[in-house]
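The sequence lines fix the lettering, A, B, ..., with proteins before strands; numbering per chain opens at 1.
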2 protein chains.
Amino acid sequence: MKNAIEFNPYSKACPSREVLGEVGNLWSVLIIVSLSDGPLRFGQLQSRIEGISNRMLTQTLRNLERDGLILRTQLPEVPPRVEYSLTDLGTHMLKPLSQVEKWVLQYMPQIMENREKYDAIVAE
Amino acid sequence: MKNAIEFNPYSKACPSREVLGEVGNLWSVLIIVSLSDGPLRFGQLQSRIEGISNRMLTQTLRNLERDGLILRTQLPEVPPRVEYSLTDLGTHMLKPLSQVEKWVLQYMPQIMENREKYDAIVAE
DNA sequence: CCGAATCCTCGCTGATACTG
DNA sequence: CAGTATCAGCGAGGATTCGG
C-alpha cells in the first residue's frame, strides 16, 4: 500500500474508503465549498451553514484540518479570532466537490419529480 | 422553491441538503461509480463493494432508484436476475462523483502524511 | 439469486452547560 | 468568540433469517 495506485475504496480496509466517506460527508462539503470565497471564522461558518451544531462544526473542522484540507489560524487578539482557510490540497478537493454541489442543485427539480413518481407508484 | 436557483443546501430545511448528503454518501458513490462500466447485478455489486451489507446495498439502491439515478431491471428468468444501470441522470452525476473518487485516490498519500504529522503534533 | 424483515447495537449527532 | 465536556436519543448499519 505504498503506491497511490494501490489505494482502493472498494477494498474494505483501505483508508481511502474512510477518506472518501469523510470528504463526501455533507458537513465537509458545505464547509469546503464555503471556504472557496476566502477564509471564514468559526461563527461565520456556523451562521452560513444553517443548522450545523457547535459540536459537528468543531469536529468536522478538526478532521479536515487533520487531513490537511483546511488551515486553522488563530490570531492573537482579544476576543479570540480564528480563521479557517483552504490549503492547496483543500483547493484541489474543492473543484470536484463544488461540481457535485453544482450538479445536485442543477438536477434537484428532476430528482424531486422522480421521487414523486416513484412514491406514487410504490404507494399504489 | 419552484425554481432551481432557489435550492440552497446551506438552508436547513432545503431538500437539496438531504440529496447532497445522500449522493455524497460513501455507498452511493461506490455504487454509482461501479455502474459506470455498465450494468451490474445485485451480487456483482455486493462482491465488488467489499464489506457492504445486504441491507445497506438494498437500501442505497432503492434510494438511488427513487431519485432516478439508477434503473432496476428485473429479467424474467429463473433464478431471478436483476440488473442495475445508470440512468441519464445517474450518468450526469457520475462525472463529478468519479472526479471526487479520483481526487481522493490521487491525494491519499499526502492525506496519510498530513494525518501522521497532525497526530504527532497533537500527541505531544 | 434477490431482497424484505427483524433484531440489536454502537456511534453519530444534537442539546446543553461550561471555560479561556 | 471559539471552542470543550458531557449526556441522552435515535437512527445508521451489521447479522441473521426467511420468502419469491
Side-chain angles (χ1 to χ4, degrees), chain A residues 9-13 17-31 34-35 39-66 70-85 118-119 121-124, chain B residues 9 11-13 17-31 34-35 39-66 70-85 118 122-123:
Chain A
Y10 298 92
S11 175
K12 192 173 182 176
R17 174 175 288 191
E18 177 199 338
V19 172
L20 189 57
E22 187 187 306
V23 165
N25 170 269
L26 175 65
W27 298 136
S28 297
V29 174
L30 295 182
I31 288 174
S34 289
L35 293 178
L40 288 177
R41 302 174 58 181
F42 188 90
Q44 291 177 311
L45 281 168
Q46 196 159 30
S47 33
R48 177 181 285 224
I49 304 172
E50 191 185 316
I52 190 173
S53 68
N54 195 314
R55 190 179 189 280
M56 279 294 89
L57 181 55
T58 301
Q59 194 173 105
T60 310
L61 285 171
R62 286 295 162 276
N63 284 335
L64 294 175
E65 186 191 1
R66 186 167 100 104
I70 66 174
L71 182 66
R72 178 182 185 276
T73 310
Q74 167 129 21
L75 289 79
E77 298 180 11
V78 176
R81 181 186 181 87
V82 179
E83 281 194 344
Y84 293 92
S85 56
Y118 184 92
D119 291 345
I121 293 175
V122 172
E124 71 183 25
Chain B
S11 175
K12 192 174 182 176
R17 174 175 288 191
E18 177 199 339
V19 173
L20 189 58
E22 187 187 307
V23 166
N25 169 270
L26 175 65
W27 299 135
S28 298
V29 174
L30 295 182
I31 289 175
S34 290
L35 293 178
L40 288 178
R41 303 175 58 181
F42 188 89
Q44 292 177 312
L45 280 168
Q46 196 160 29
S47 33
R48 179 180 286 223
I49 304 172
E50 192 184 317
I52 191 172
S53 68
N54 192 315
R55 189 179 189 279
M56 280 293 91
L57 182 54
T58 301
Q59 193 174 105
T60 310
L61 285 171
R62 287 295 160 275
N63 284 334
L64 294 176
E65 187 190 1
R66 185 167 100 103
I70 66 175
L71 182 67
R72 178 183 184 276
T73 309
Q74 166 129 20
L75 288 79
E77 297 180 12
V78 176
R81 181 186 180 88
V82 179
E83 282 194 344
Y84 294 93
S85 56
Y118 183 92
V122 171

Could you report the tightest heavy-atom contact between [X] and [Y], atom names first, then the distance?
| X | Y | value |
| --- | --- | --- |
| A/I70 | A/Y84 | CD1-CD2, 3.9 Å |
| B/Q74 | B/P80 | NE2-CB, 4.2 Å |
| B/L40 | B/S34 | CD1-O, 3.7 Å |
| A/V29 | A/V23 | CG2-O, 3.5 Å |
| A/L64 | A/E22 | N-OE2, 4.4 Å |

Start and end of chain A contact along DNA chain D [non-hydrogen atoms, under 4.0 Å] =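 Contacts span D/dC1 to D/dT6, reading 5' to 3'.
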Would you jot down, in residue-number order, the residues of residues 53-64 of chain A having a non-hydrogen atom under 4.0 Å from DNA chain D?
->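 Result for residues 53-64 of chain A: A/N54, A/R55, A/T58, A/R62, sorted by number.
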Whole angstrom is fine here: how far is it from [atom1] in [X] over to [atom2] in [N]?
| X | N | atom1 | atom2 | result |
| --- | --- | --- | --- | --- |
| A/E18 | C/dC12 | CD | P | 11 Å |
| B/L40 | C/dC2 | CG | P | 11 Å |
| B/E65 | C/dG3 | CD | C1' | 12 Å |
| A/Q46 | C/dT13 | CD | C1' | 14 Å |

Within the side chain of B/S47, is there an N or O that forms a donor-acceptor pair under 3.5 Å with the backbone of B/Q44?
->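 The answer is yes, because a donor-acceptor pair under 3.5 Å joins these two groups.
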Earlier contact from the 5' end, DNA chain C, for B/R81 and A/G51 |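 Comparing both residues, the 5'-ward one is B/R81.
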On DNA chain C, check which nucleotide each of A/P80 and A/I52 is closest to and give me the residue with the more 5' one.
->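 Comparing both residues, the 5'-ward one is A/I52.
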Drop me the distance from A/I52's CD1 to A/I31's CD1, to the nearest 0.5 angstrom.
->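 These two atoms lie 4.5 Å from each other.
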Do A/Y118 and B/N63 come within less than 4.5 Å of each other through their side chains, counting heavy atoms only?
->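 They are not in side-chain contact.
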